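Below, all heavy atoms of this structure are taken into account, side chains as well, without hydrogens, waters or symmetry copies. This one's a predicted model, so the numbers in the text were calculated from it and none came from an experiment. A note on names: the letters A, B, ... follow the listed sequences, proteins ahead of strands, and every chain is numbered from 1.
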Number of protein chains: 2
Amino acid sequence: MAHFPCAKEIDAKEVLKEKGLKSTPQRLAVLHVLHESTKYLSINNILDKTKEILPNTGLATIYRTLDVLADIGLISRVHFEDGCHTYAYSSDSHGHHIVCTKCNKIMDFAECPFEDYMENLSKRTGFKINNHFLQLFGECNECAGNAN
Amino acid sequence: MAHFPCAKEIDAKEVLKEKGLKSTPQRLAVLHVLHESTKYLSINNILDKTKEILPNTGLATIYRTLDVLADIGLISRVHFEDGCHTYAYSSDSHGHHIVCTKCNKIMDFAECPFEDYMENLSKRTGFKINNHFLQLFGECNECAGNAN
DNA sequence: CCTTAATTGAGAAACTTTCTCAATTATAAA
DNA sequence: TTTATAATTGAGAAAGTTTCTCAATTAAGG
Ligand SMILES: [Zn+2]
Ligand SMILES: [Zn+2]
Ligand SMILES: [Zn+2]
Ligand SMILES: [Zn+2]
């Protein structure tokens, strides 16, 4: 709630406009919730936090909004080996995530180690590679430091 | 159906035994279905194909079996940017997949380009990286060659 | 063979996601 | 400013997915 709207949310209005989409309070609120969080959030996490800003927000709107924001690259879906459908803010359209498996903290890193590797792999496999999905799991410095 | 059981399925019996799990016809049939397929398969794909071998197989058994096989590394879950929960055979426990987005064909490649990169990234982010998830999307040689 | 604990099938229950539609609202044109 | 319009929303119903329960079955070891 602290600083709303912030620069990122003003940018978002531009992106929405470019795509011919409306800048609704619901969309900005959901984006704000994800932007403010250092952890990945489930659908229900997002609904609850969005309702703190806009109490009447409906669940269907959350689903629709997350699809819209993910499609235009303002947020990312976060996948886990045994189930997915959580979401996180994405600071960069080519952002990969590191997830702390202890406290759920999430960090995105923009640079990508794949550019070279791709061509090589393309040749060997015969696949024309268009896209990739990378996610790292581990422990953040706080959690790795703690004995618990 | 062609060659059942094949070498891979005999190996699977060993792995199940090591873990104290029973080698049931259902588990071997599901593994066979995934092993035989060149494409990733949804839960319902797997149920249908398993029923061709064991007609009474129940849906709950498919869910339970996929969890077991994935936990012991004989198969992998395949994730997509906008939804997941499909499955594929995994020839290697550190196997990453390339998925053809036109025909759903899937190929796993065992070698991993990350070993070096990890340490570097660990230092910069402060995360202790334990695990990673990588998947590539593109077009297989057949699909890339065809105009359609 | 027996025994025993693990596994299964079936359907119920719980949970998640999508759909429908009337009411509302952001936007741009007048 | 108003006004017109198409996009978006909330609510609840519907559809779809996953998990649970439990009696019956069965794999595996003695
Ligand atoms: Zn942490
Ligand atoms: Zn990348
Ligand atoms: Zn293909
Ligand atoms: Zn790897």
I'd like to know if A:Lys105 pairs up with A:Glu142 as an ion pair, taking the criterion as any Lys NZ or Arg NE/NH1/NH2 lying under 4.0 Å from an Asp or Glu carboxylate oxygen.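 Looking at A:Lys105 and A:Glu142, the cut-off is met.
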What pairs meet the side chain to side chain donor-acceptor pair (under 3.5 Å) rule with one or both residues in residues 117-128 of chain A, with sequence neighbours excluded? A:Tyr117-B:Glu111, A:Asn120-A:Arg124, A:Arg124-B:Glu111, A:Lys128-A:Asn130
May I have the distance from [X] (atom [atom1]) to [N] (atom [atom2]), rounded to whole angstrom?
X	N	atom1	atom2	result
A:Leu59	C:dT16	CG	P	10 Å
B:Tyr63	C:dA14	OH	P	18 Å
A:Lys51	D:dA11	NZ	C1'	11 Å
A:Asn56	C:dA23	CG	P	17 Å
A:Arg64	C:dT20	CZ	C1'	10 Å
B:Leu47	D:dG16	CG	C1'	15 Å
B:Ile46	D:dT18	CD1	P	11 Å
B:Lys19	C:dA6	NZ	P	17 Å

Could you check if a side-chain atom of B:Lys49 sits within less than 4.5 angstrom of a side-chain atom of B:His32, using non-hydrogen atoms only? no
Per the side chain to side chain contact (heavy atoms under 4.5 Å, CB included) rule, which among B:Leu31, B:Leu41, B:Ile43 passes with B:Leu66?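 Considering B:Leu31, B:Leu41, B:Ile43, a side chain to side chain contact (heavy atoms under 4.5 Å, CB included) with B:Leu66 is found only for B:Ile43.
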Where the side chain of [X] is concerned, which of [options] is the nearest nucleotide?
X	options	result
B:Thr61	D:dG10, C:dG9, D:dT17	C:dG9
B:Ile43	D:dG10, C:dA10, D:dT18	D:dT18
B:Arg27	D:dT17, C:dT7, D:dG10	C:dT7

Taken to the nearest 0.5 Å, the spacing of B:Thr57 OG1 from B:Ile46 CD1 works out to 12.0 Å
What distance separates A:Leu34 CG from A:Lys39 NZ, expressed to the nearest 0.5 Å?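 Separation between the atoms: 14.5 Å.
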Identify all pairs in which a protein N or O lies below 3.5 Å from an N or O of nucleotides 26-30 of chain D, and state each distance.
{"residue": "D:dT26", "atom": "O2", "partner": "B:Lys22", "partner atom": "NZ", "Å": "3.4"}
{"residue": "D:dA27", "atom": "N3", "partner": "B:Lys22", "partner atom": "NZ", "Å": "3.2"}
{"residue": "D:dA28", "atom": "OP1", "partner": "B:Ser23", "partner atom": "N", "Å": "3.0"}

Tell me whether the rings of A:Phe133 and B:Phe133 are parallel (<30°), tilted (30 to 60°) or perpendicular (>60°). perpendicular
